[in-house]
Amino acid sequence: MSKIFGGIKMAKIKSLADLKKKQDEVRSKLNLRDKADNPESLVQIKVAMATCGIASGAKEIMEFFVNELGKRNIDAVVTQTGCMGYCYAEPTIEVQLPGQEPVVYGYVDSKKADKIIELYIKKGELVDGIIPQNYETIDNK
Amino acid sequence: MANYKMHILVCGGTGCRASQSEMILDNLKTELETKGLSDEIQVIQTGCFGFCEKGPIVKIMPDNTFYVEVTPEDVKEIIDEHIIKGRRVNRLLYVNPDNQEHIADSKHMGFYKKQLRIALRNCGFIDPENIDEAIAKDAYQALGKALVEMSPDQVIAVMKDSGLRGRGGGGFPAGLKWEFAAKNASDQKYVVCNADEGDPGAFMDRSILEGDPHSVLEAMALCGYSTGANKGLIYIRAEYPLAIERLKIAMKQAEEYGFLGKDILGSGFDFEIELRYGAGAFVCGEETALIHSMEGERGEPTVKPPFPAESGYLKKPTNVNNVETFANVPVILLKGAEWYKSIGTEKSSGTKVFALAGKINNVGLIEVPMGTTLREVIFEIGGGIKDGKKFKAVQTGGPSGGCLTEKHLDTPIDFDNLIAVGSMMGSGGMIVMDEDDCMVSMAKFYLEFTVEESCGKCSPCRIGNKRLYELLTKITEGKGTMEDLDLLRNLSEVIKDTSLCGLGQTSPNPVLSTMSNFWDEYIEHVTDKKCSAGQCAALKQYIIDPEACVGCTACARVCPVNAISGERKMPHEINQDICIKCNACFEKCKFNAISIN
């Protein structure tokens with residue numbers, strides 16, 4: 001799932017040109033996940049797994065998503081990420097439905113995770129407790 | 001969306017809730033119900049938008065309309081006009097203060113977002129254990145660019161022009177530091193990353209290492225290239241196991257790709273990085289003490305000069321920067337010094353990460369351009385004070401910093417302004433205090449920390465801080481005199497002037513700044529023997545109101561020291577000489593007969 005490095009020895013990148021090529025390659029791989037417009041494509045879930053998140057139960061939530069999405073036959077990628085900064089609302093997760101803007105949910109316990117799967121992921125209904133993005137990124141600046 | 005055509009998002013942050021956002025939510029639901037639209041339009045409550053000044057906020061999706069200062073009475077108009085007729089309600093849109101234009105789409109309201117994430121750019125976006133995701137987000141591009149297209153001097157020139165100042169607290173220009181290390185010729189030089197984050201309540205470096213370790217590895221290699229070092233060391237607290245694990249994974253992946261090791265990107269430049277673990281001593285965040293600790297010596301600071309740039313690790317030229325400083329470097333090289341300088345204030349360019357903690361609603365990690373005011377940080381991004389209490393002070397700079405009060409709320413935050421008002425930037429911990437916090441106790445708390453962490457090498461710090469702590473304890477116990485206050489101030493000045501390193505030179509700051517900002521509180525403790533915040537246990541007095549007491553004996557039974565006496569069904573009494581102020585009787589009394597003075 002989150003481990004793309006399954007013991008495969010990576011090829012060395014030997015020049016700046018190689019690095020640019022690599023970047024294009026990994027970007028398109030991520031883009032495929034980002035912007036896929038066919039409805040069957042993947043749902044992406046990122047779980048904030050810094051110390052603060054883990055201390056509040058992010059590991060259990062990540063497991064919950066991995067197991068439950070599998071059981072409920074939903075095609076999804078669940079990955080870990082670092083701190084999103086919303087430490088007051090841990091565990092936090094970001095859910096991106098195909099072709100849509102990502103949505104961040106805070107205070108996710110297994111009950112809420114279940115609601116997110118049933119309502120948001122399956123039906124596109126928002127669930128209470130969305131955390132609006134309140135910062136700018138360097139891409140726009 | 002499967003069922004709903006539209007979503008109405010109502011801010012449920014504390015600030016907006018205080019101005020009736022819940023009633024707005026209810027009204028929206030009722031109104032939609034009446035109009036038979038409940039199945040088409042979904043109403044949802046969100047967390048804080050970070051724009052509390054203009055709350056309550058209502059956002060309509062998918063057209064991204066952003067209504068501000070909405071009242072429950074506006075709901076009908078929003079539904080009738082916007083939802084049914086598709087016409088935006090202009091009077092509720094945000095008005096751009098610059099040109100008085102109404103702005104409808106929140107995508108064009110970037111300025112309402114007070115935060116800009118540079119150091120935290122990838123935290124919470126990428127999987128920190130997957131180098132490919134980092135590469136997709138530009139990791140190692142700056143290194144590639146520097147190695148292929150730039151000379152070491154050019155890299156240093158960009159760093160100097162950018163105006164980046166050390167984020168560990170001191171604020172020394174990073175480019176200048178790099179230049180010093182570059183100019184000192186030697187067969188071996190070192191780059192050290194200071195990840196010994198020790199301020200109470202500060203966790204930004206940890207979050208960067210846990211969320212985006214490659215940004216730090218890349219910056220260290222860049223620093224090595226420009227200063228002529230081919231060895232890097234990360235000095236990290238052993239208490240940060242997850243950060244250590246992620247760093248190890250990141251280092252391994254970077255080595256496999258060839259971003260670390262021999263002949264990086266075919267340029268002939270070699271650079272390797274090792275981890276060194278700190279045992280958690282606060283003083284080891286000071287660069288000379290940190291270097292001694294890495295050498296296997298006692299973690300004690302030494303006098304500068306010689307600066308590490310001349311004689312550092314193993315007596316070789318060494319450049320030490322902290323984690324957040326490094327995390328800024330790759331972006332500066334990719335986007336240029338001019339870009340970086342355009343952010344922040346004239347003398348403090350860029351952004352600063354702060355860890356918000358204490359009595360604030362949105363505890364967490366934020367990153368704002370330098371020059372943002374404390375008011376914006378605390379009341380907008382931070383969502384204000386918990387439980388609607390009154391703001392009293394914020395401690396910046398940890399145990400070396402000072403407290404800032406209401407009158408400083410509109411001071412733009414940058415290195416020089418904070419020093420001018422008697423505090424300091426420090427590493428970026430911000431501990432917010434409300435009306436229930438006693439400032440004398442707060443100063444005592446930080447002194448307790450300093451006494452514990454003083455390495456003991458120089459006497460002003462080792463003995464002086466201990467005496468300060470004792471004086472503060474005496475005051476909080478109601479035994480202080482006016483002479484003690486004079487002594488407290490004089491001793492603080494002496495410790496500041498005569499201590500060997502930054503720890504001692506700054507440790508009296510919490511005392512001095514609380515004395516200058518909250519002198520009344522010190523006087524209250526000394527002359528009235530009172531603590532109006534109610535934190536100093538020794539100054540509390542528990543009193544039973546004979547009118548309200550029914551003589552149920554519950555308090556007498558729960559008192560652990562038998563300080564309460566009285567006949568059954570008769571008013572009881574507390575013997576003040578025996579009472580230990582444990583609060584047990586107060587909690588037990590069902591008749592509100594016990595009060596605290």
Side-chain angles (χ1 to χ4, degrees), chain A residues 2-5 9-16 18-20 22-23 25-31 46 48-52 54 79-90 92 94 100 104-107 122-141, chain B residues 1-4 7 9 42 44-51 59 110 113-118 120-130 132-133 135-136 138 140-141 144-145 147-148 203 206-207 210-212 242 253 256-259 265-266 331 335 343 361-367 381:
Chain A
S2 71
K3 300 280 178 288
I4 295 180
F5 285 88
K9 184 85 180 157
M10 293 174 286
K12 271 224 177 352
I13 294 171
K14 295 202 179 74
S15 68
L16 184 55
D18 275 3
L19 173 59
K20 292 237 152 96
K22 181 78 196 174
Q23 185 177 35
E25 179 196 315
V26 288
R27 265 193 185 154
S28 60
K29 215 157 81 189
L30 288 182
N31 267 340
K46 288 180 191 169
M49 293 260 266
T51 301
C52 47
I54 293 173
T79 54
Q80 63 171 354
T81 185
C83 177
M84 298 184 194
Y86 312 112
C87 311
Y88 63 96
E90 294 293 351
T92 49
E94 183 189 281
Q100 286 189 31
V104 174
Y105 287 105
Y107 304 106
K122 284 194 184 168
K123 298 189 199 154
E125 289 177 29
L126 296 173
V127 177
D128 272 332
I130 291 170
I131 302 178
Q133 183 181 330
N134 62 353
Y135 56 87
E136 275 198 274
T137 62
I138 51 172
D139 302 330
N140 312 324
K141 197 71 185 177
Chain B
M1 302 283 148
N3 300 320
Y4 293 115
H7 297 275
L9 278 59
Q42 188 186 14
I44 199 94
Q45 193 170 44
T46 72
C48 183
F49 275 84
F51 199 42
K59 189 177 174 182
K113 296 173 178 167
K114 312 260 173 197
Q115 298 195 62
L116 170 65
R117 295 194 170 175
I118 299 178
L120 297 176
R121 61 194 175 280
N122 292 333
C123 284
F125 279 102
I126 61 165
D127 178 352
E129 298 182 15
N130 182 345
D132 283 352
E133 291 200 9
I135 291 174
D138 288 334
Y140 299 104
Q141 294 290 333
K145 179 178 163 184
L147 291 178
V148 174
F203 51 90
R206 191 196 71 209
S207 296
E210 288 175 356
D212 187 16
L242 185 63
Q253 293 177 355
E256 287 184 21
Y257 269 165
F259 301 133
L265 297 174
V331 186
K335 295 208 167 214
I343 299 158
N361 281 313
N362 302 344
V363 167
L365 210 57
I366 65 156
E367 182 169 353
I381 304 166

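Keep in mind that what you see is a predicted model, and the values were worked out from it rather than measured.
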Item to check | Between NZ on residue Lys22(A) and CD1 on residue Ile13(A), distance to nearest 0.5 Å | outcome: 6.0 Å

Item to check | Pick from Ile381(B), Val148(B), Leu147(B), Ile126(B) with the largest number of heavy-atom pairs that fall under 4.5 Å of chain A | outcome: Ile126(B)

Checklist entry - With under 30° as parallel and over 60° as perpendicular, where do the rings of Tyr140(B) and Phe259(B) fit, or are they tilted in between? => result parallel

Next on the checklist: What part of Leu9(B) gets within 4.5 angstrom of chain A, counting heavy atoms only: side chain, backbone, both, or neither?
Outcome noted: side chain

Checklist entry - Residues two or more places apart in sequence or in another chain: which of them pass side chain to side chain donor-acceptor pair (under 3.5 Å) with Asn122(B)? => result Asp212(B)

Item to check | chain B contact via Asp128(A) - side chain, backbone, both or neither, heavy atoms under 4.5 Å | outcome: both

Checklist entry - Is there side-chain contact between Asp18(A) and Tyr257(B), with at least one heavy-atom pair below 4.5 Å? => result no

Next on the checklist: For a quick check under 3.5 Å, do Gln23(A) and Asp138(B) share a side-chain donor-acceptor pair by atom type?
Outcome noted: yes

Checklist entry - Is it the backbone or the side chain of Ala50(A) that comes under 4.5 Å from a heavy atom of chain B, or both, or neither? => result both

Item to check | For Thr92(A), all residues meeting side chain to side chain donor-acceptor pair (under 3.5 Å), sequence neighbours excluded | outcome: Glu90(A)

Next on the checklist: Under a 4.5 Å cutoff for heavy-atom pairs, which residue among Gly266(B), Pro128(B), Gly211(B), Ser207(B) has the most contacts with chain A?
Outcome noted: Pro128(B)

Next on the checklist: Given heavy-atom pairs under 4.5 angstrom as the criterion, report whether the side chain, backbone, both or neither of Lys14(A) touches chain B.
Outcome noted: backbone

Next on the checklist: Can a donor-acceptor pair be found, under 3.5 Å and without considering hydrogens, that links the side chain of Arg117(B) to the backbone of Thr137(A)?
Outcome noted: no

Item to check | Most contacts with chain B, counted as non-hydrogen pairs under 4.5 angstrom, among Met84(A), Lys12(A), Glu94(A) | outcome: Lys12(A)

Checklist entry - Side chain, backbone, both or neither: which part of Val127(A) has a non-hydrogen atom closer than 4.5 Å to chain B? => result backbone

Item to check | Interface moiety of Phe203(B) toward chain A, non-hydrogen atoms closer than 4.5 Å | outcome: side chain

Checklist entry - Is Glu210(B) reaching over with its side chain to a backbone N or O of Cys83(A), donor-acceptor style, under 3.5 angstrom? => result no

Next on the checklist: Between Gly106(A), Cys52(A), Gly129(A), Cys87(A), who has the most heavy-atom pairs with chain B when the cutoff is under 4.5 Å?
Outcome noted: Cys87(A)

Checklist entry - If you tally heavy-atom pairs under 4.5 Å against chain A, which of Leu120(B), Leu242(B), Val331(B), Ile366(B) wins? => result Leu242(B)

Checklist entry - Out of Gln45(B), Arg121(B), Glu367(B), Lys145(B), which one racks up the most heavy-atom pairs below 4.5 Å with chain A? => result Gln45(B)

